[in-house]
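Indexing begins at 1, ligand by ligand and atom by atom, following the structure's order. This one's a predicted model, so the numbers in the text were calculated from it and none came from an experiment.
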Amino acid sequence: GTTGTTGIKLAEPHLEDVLSSAGINVEYTRAERNTLYYRDQDGQEVPVLDLVGGFGSLILGHNDPEIVAHARELLAAGTPIHAQFSPHPHANRVAAELNRVIHRETGDTEPYFAVFANSGAEAVEAAVKHAELDRGLRLAALAEELAAHRDSAREAVAAGARVEAAAFESAGTAPEDGIEGLIEAVERSNDRQLARPPLFLAPEGAFHGKLMGSVQLTHNEAFRLPFSALAAQTRFIPVDQPDALAKTVREERAVILDLVTEDGTVRLTERPFPLFCAFVLEPIQGEGGIKVIGEEFAREVQRVCQEIDCPVVVDEIQSGMGRSGAFLASSLIGLRADYYTLAKSLGGGVAKTSVALIRQDRYRKEFELVHSSTFAKDGFSSQIALKTLQLLEADDGRAYRLAREKGEKLLSVLELIRADFPEVVKDVRGRGLMLGIEFHDQAGTASPEIRAVAEAGFLGYVISGHLLNEHRIRVFPTGSSVNTLRMEPSIHLDDEEIERIRRALRAVCEIIRDQDGGRLVHA
Ligand code: F0G
């Protein structure tokens, strides 16, 4: 019996145990480009080809030399890092540079204002909070207008105007109750609408983070449901049913009643109530299993959201910063955002920073006075973000070309493997350096070892453990698509690395095809 804590693992030890059981819990001691190193029992450095890429935060690779040199210079120069409530020229420059790049790529010219944060989920929540502030202000303006119309109706009736008979009927009241009865019924109905919590829209398979608000935008029930009482809810839209979005919007359609006085008559009209706070979507779903959103779905989102005046939040936290072969993956499918979110690679693999960009036409400057974070816009992260943008933009966008070309090369290797192992590989997909290989679920295999892990939903993890231990390649399935291995290497990916991936994946596919579980599953 001791109460000491020396040597006890207290930082999420259960997760470590789970990772250990799949053989993927390795401590890395050094990192560069696409390589992580660990030390074996003899203290020798062992290189591992890292395809996890910080789950997408390493478009420039681990410890990019120019980013590291810049970080060193900043620290050596005593650059102010925390100087809250003072001008922040570096954050302003990041915002200006982001605008320049987005305008070039989309052809739009409207400015986006920037609200900085520290993590992906935080940027999503800043965007969503802003959208709700905006919705609230629109609702307040609407309520004011309705009150003015009510007063006019009352005055008009006092001066002899008539009330349309249908008005009483629609409001569920009778002509004998007079204008006051009608007003009371209308206000009761409107108050009920105004008290409704906002609703969000997102595609099935969405992942937008795990904080209280953002986890409700995340489709995976295991992540979302235990916390659903904490925040506003989302209606999830299947991406493969063209009319599903319009149908959901129809189902949830809410109206507010307005008493309009015209030509000496008071009428009751219905006006749309802005129930939907935002449609939030990733142009390429990452955690959902590398699913590229189709142009048709994107167009439908745009069309319906415009119709109901619901802002579109395009979450480029994983797909953005050049990973797709363009700065914004959404630009490749013609999807335009009222809000963009960026994080992950924005910090160059060194700093933690994120940003919500808000289109001027939607922007509410009041937000700046009610939302903040101690660490947002700090001098260090902002200057690292600026350097990262400079590196991506250098040589006429060489980084985007690299992401596209190397991604195409790796994808064609994956496609050949799929063609050779159709009974093992179900699908390969993605864009640029955001690729996935999905395995068939193998519940029907003759190998009892493989069947057991497949039935437990661990096939992807066991394949990952095998790739790490046998081939020194680090890759993971996603939490929401457990048979899909996700590959997000940096733009430094070279032919030798692609060849290693090819050999390792072919070897794994042979084992699974031959139902040789003893060689796949580690004791
Ligand atoms: N949005 C997207 C599209 C993401 O992929 C992630 C994180 C987040 C938001 C949340 O960012 O972790 O910085 O708070 N995705 C990781 C993944 C964790 O597994 O794909 P965060």
Of all pairs that satisfy salt bridge (Lys or Arg N to Asp or Glu O under 4.0 Å), the ones with a partner from residues 337-356, not counting sequence neighbours: D338-R359, D338-R362
Please name all residues satisfying side-chain contact (heavy atoms from CB on, under 4.5 Å) with L369, sequence neighbours left out, ordered by chain then number. none
Note: E296-R299 ion pair, threshold 4.0 Å (strictly below): no
Please determine whether a side-chain nitrogen of the Lys or Arg among E132 and R135 lies less than 4.0 Å from a carboxylate oxygen of the Asp or Glu. yes
Between H219 and R224 the two heavy atoms that sit nearest each other are O-NH2, 2.8 Å
For residues 55-63, which side-chain N or O atoms pair as donor and acceptor with protein atoms under 3.5 Å away, sequence neighbours left out?
unit_1: S57; atom_1: OG; unit_2: G54; atom_2: O; d: 3.0
unit_1: H62; atom_1: NE2; unit_2: D50; atom_2: OD2; d: 2.7
unit_1: N63; atom_1: ND2; unit_2: A31; atom_2: O; d: 2.9

Could you name the protein residues that come within less than 4.0 Å of ligand 1, counting only heavy atoms, and order them by chain and residue number? S119, G120, A121, F207, H208, G209, E282, E287, D315, I317, Q318, K344, R486
